[in-house]
Amino acid sequence: MVAILNGMRVVEVASWTYVPIAGAVMAEWGADVIKVEHPEGGDPQRGLISSGLVPGGGPGSVNHMMEVPNRGKKSIGLDISTEAGHEVLMRLVAESDVFLTNFLPAARRKLGIELEDVRAANPRIVYARGSANGQHGPHAESGGYDLANYWSRGGPADVVTAPGSSFPVLQPGPAFGDVLGGLTIAGGVAAALLHRERTGEALVVDNSLLAMEMWSVGASIAGAGLFGFDRLPHQSHQDMVNPLVNYYRTKDDRFLLLNMLQYERFWPELVTAVGRPELATDPRFANGAAVAEHRRECIALLDETFMQRTLEEWKTALAGIKGVWSPVQTSGEVLRDPQALANGYVAPVEAGDGSAFRLVPAPLRFDDRDASLRRAPEHGEHTDELLQEVGYSTGQVLQLKIDGAVL
């Protein structure tokens with residue numbers, strides 16, 4: 001990976017995934033990222049294995065939910081609520097370029113890490129904060145998670161849930177909104193650093209889970225405002241206006257997606273490839289207007305056709321067509337996807353015990369080079385090293401440990 005942030009230091013006072021993953025992205029891009037963790041327990045995600053919420057991953061019991069947002073960082077065990085611990089933090093801040101946090105406003109005030117506190121130690125620092133609901137309004141002081149503030153409040157749970165469903169659809173996997181928000185923060189910080197280098201002005205970077213999901217479903221929100229309805233009309237599988245934009249079940253109970261927006265262009269090619277060439281000249285499906293009128297009949301025929309073969313057989317049959325389609329893959333299949341592997345979208349990481357596991361790198365490549373990922377740090381792994389870097393002697397470090405200010 002091209003180390004585009006080489007020489008930049010980031011101090012991160014944050015936990016869980018949203019915001020910490022911004023630090024992980026910046027570490028991947030070459031920054032020196034210092035993760036500040038309380039001496040007792042550290043980031044709450046460290047306890048997910050012992051609490052049984054995530055399984056241990058192999059010989060080293062790799063906590064993948066800790067690795068994803070914390071790979072490549074250094075960890076310092078530091079109690080910033082103490083006077084001595086806060087002094088250590090400000091020494092680190094004084095020599096850094098970015099301060100990154102997802103602490104709530106009340107906690108930031110209590111701990112002395114608000115903008116004015118941090119800028120007092122370093123006027124040139126880029127101050128980046130992520131929140132559930134933004135920095136203003138009636139819920140600015142409230143916390144949240146991506147399932148609540150990104151997926152539910154922001155609108156996508158309603159957008160993707162079919163009419164008549166008993167419950168809204170859950171978001172697709174843990175930290176779904178968190179990782180998107182964190183990537184956005186990393187991009188915003190990089191832009192702010194460029195601005196600082198050009199103008200000398202240090203900016204504040206803000207992002208929230210609510211803003212992220214409103215951005216993600218912005219087309220639906222804009223449509224609702226323009227046409228005066230609460231939600232966009234949903235189309236069921238049996239009633240899609242264009243049958244070539246739809247999911248179909250295969251013989252082995254898997255699914256594939258057709259995504260052919262130009263119906264008249266791709267219909268003859270598709271029906272020939274699936275062994276139904278006679279449908280190319282069927283007047284019911286002659287053009288977009290005709291198929292819209294007869295869409296239920298068309299979808300029923302495609303349902304019947306795709307149920308005749310397995311997903312693997314359809315991969316072979318459809319391999320050469322020009323229309324866009326895709327198998328619905330499992331996470332394990334994506335991990336083995338030859339296209340993903342060819343582009344470096346899966347990267348090896350060495351755990352602390354020398355065992356290997358894999359992570360997905362940030363979805364940006366620079367100069368077409370593969371990412372080189374490093375594991376997440378152990379709790380407080382770099383405490384002594386970092387203290388010595390900012391001028392503490394061995395005796396002073398020992399006294400900080402005795403006082404409980406550091407791990």
Side-chain angles (χ1 to χ4, degrees), residues 3 5-16 19-50 60-63 66-103 107 111-113 117-118 120-122 125 349-355 372-407:
L5 294 183
N6 185 40
M8 296 293 175
R9 170 168 276 188
V10 180
V11 173
E12 175 191 300
V13 181
S15 58
W16 299 104
V19 177
I21 202 163
V25 171
M26 287 186 276
E28 191 174 321
W29 292 349
D32 180 24
V33 181
I34 301 169
K35 183 177 183 66
V36 176
E37 303 185 70
H38 194 277
E40 297 178 8
D43 190 314
Q45 288 203 125
R46 291 191 182 277
L48 292 181
I49 288 181
S50 59
S61 292
V62 172
N63 181 346
M66 188 67 191
E67 291 290 341
V68 167
N70 293 294
R71 60 274 188 82
K73 301 177 185 178
K74 297 176 180 177
S75 171
I76 181 171
L78 184 62
D79 185 353
I80 62 176
S81 69
T82 66
E83 183 178 348
H86 191 269
E87 181 185 342
V88 171
L89 176 67
M90 291 304 146
R91 285 203 197 185
L92 291 169
V93 164
E95 298 185 8
S96 297
D97 299 277
V98 181
F99 183 81
L100 189 61
T101 187
N102 61 2
F103 279 30
L111 293 170
I113 56 171
D117 302 311
V118 173
N122 184 347
I125 202 162
V349 185
E350 184 176 305
D353 64 354
S355 61
S372 179
L373 302 186
R374 294 175 289 117
R375 64 173 176 84
E378 298 297 329
H379 182 202
E381 180 177 345
H382 304 92
T383 299
D384 290 12
E385 169 191 332
L386 291 169
L387 289 171
Q388 290 167 5
E389 282 185 17
V390 292
Y392 286 89
S393 67
T394 301
Q396 289 173 318
V397 171
L398 179 60
Q399 188 60 52
L400 287 169
K401 291 177 182 288
I402 293 172
D403 293 342
V406 303
L407 178 63

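The model shown is predicted, which means the values in this text are computed figures rather than measured ones.
- The distance from the CE atom of Met90 to the CD1 atom of Ile80 is 7.5 Å, given to the nearest 0.5 Å.
- One distance of note links OG1 of Thr82 with CG of Leu89; it measures 10.0 Å at 0.5 Å rounding.
- In terms of heavy atoms, Ala405 sits closest to Gly85 at CB-N, 4.0 Å.
- Distance check: Leu387 CG to Leu78 CG gives 7.5 Å after rounding to the nearest 0.5 Å.
- Using a 4.0 Å cut-off between charged side-chain N and carboxylate O, Asp384 and Lys401 make a salt bridge.
- A donor-acceptor pair is defined here as one N or O able to donate and one able to accept, closer than 3.5 Å; such a pair exists between the side chain of Ser96 and the backbone of Leu92.
- Residues satisfying the side-chain hydrogen bond (donor to acceptor under 3.5 Å, both in side chains) test with Glu350, not counting sequence neighbours, are none.
- Annotation for Pro69 and Trp16: closest pair CG-O, 4.0 Å, computed over non-hydrogen atoms.
- In this structure, OG on Ser75 lies 5.5 Å from NE2 on His379, to the nearest 0.5 angstrom.
- Contact between Gln396 and Gly391 at its shortest, heavy atoms only, is OE1-O, 3.8 Å.
- Glu37 pairs in a salt bridge (Lys or Arg N to Asp or Glu O under 4.0 Å) with only one of the listed residues (Lys74, Lys73, Arg46), which is Arg46.
- Side chain of Ser15 to backbone of Pro44: no donor-acceptor contact under 3.5 angstrom is found.
- Taking each heavy atom of Val68 and Ala24 in turn, the nearest pair found is O-CB, 4.0 Å.
- Enclosure of atom CD in Glu385 by more than 12 non-hydrogen atoms of other residues, nucleotides or ligands within 6.0 angstrom is indicated.
- Closest approach of Glu378 to Arg375, counting heavy atoms only: N-NH1, 3.8 Å.
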Which is it for Val88 and Tyr392 under the side-chain contact (heavy atoms from CB on, under 4.5 Å) test, yes or no, and what are the steps along the way?
-> CA-CA 9 Å; Val88 171; Tyr392 286 89; 3.2 Å; yes
Begin from the C-alpha positions of Val406 and Ile76 and carry the test side-chain contact (heavy atoms from CB on, under 4.5 Å) through to its verdict.
-> CA-CA 8 Å; Val406 303; Ile76 181 171; 5.5 Å; no
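- For Asp97 (side chain) and Arg9 (main-chain N/O), a donor-acceptor pair under 3.5 Å exists by modelled atom type.
- Among all heavy-atom pairs drawn from Pro39 and Leu407, the shortest one is O-CD1, 3.7 Å.
- Atom CE of Met66 and atom CG of Leu48 lie 9.0 Å apart (nearest 0.5 Å).
- Using a cut-off of 4.0 Å between Lys/Arg side-chain N and Asp/Glu carboxylate O, Glu87 and Arg91 are scored as salt-bridged.
- Looking only at distances, no side-chain donor or acceptor of Asp32 sits under 3.5 Å from a matching main-chain atom of Gly7.
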CA sep, side-chain torsions, deciding dist, call: His86, Leu111, side-chain contact (heavy atoms from CB on, under 4.5 Å) | CA-CA 8 Å; His86 191 269; Leu111 293 170; 5.7 Å; no
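- Not a single donor-acceptor pair under 3.5 Å links the side chain of Asn70 to the backbone N or O of Ala376.
- To the nearest 0.5 Å, atoms CD1 (Ile34) and CD (Glu95) are separated by 9.0 Å.
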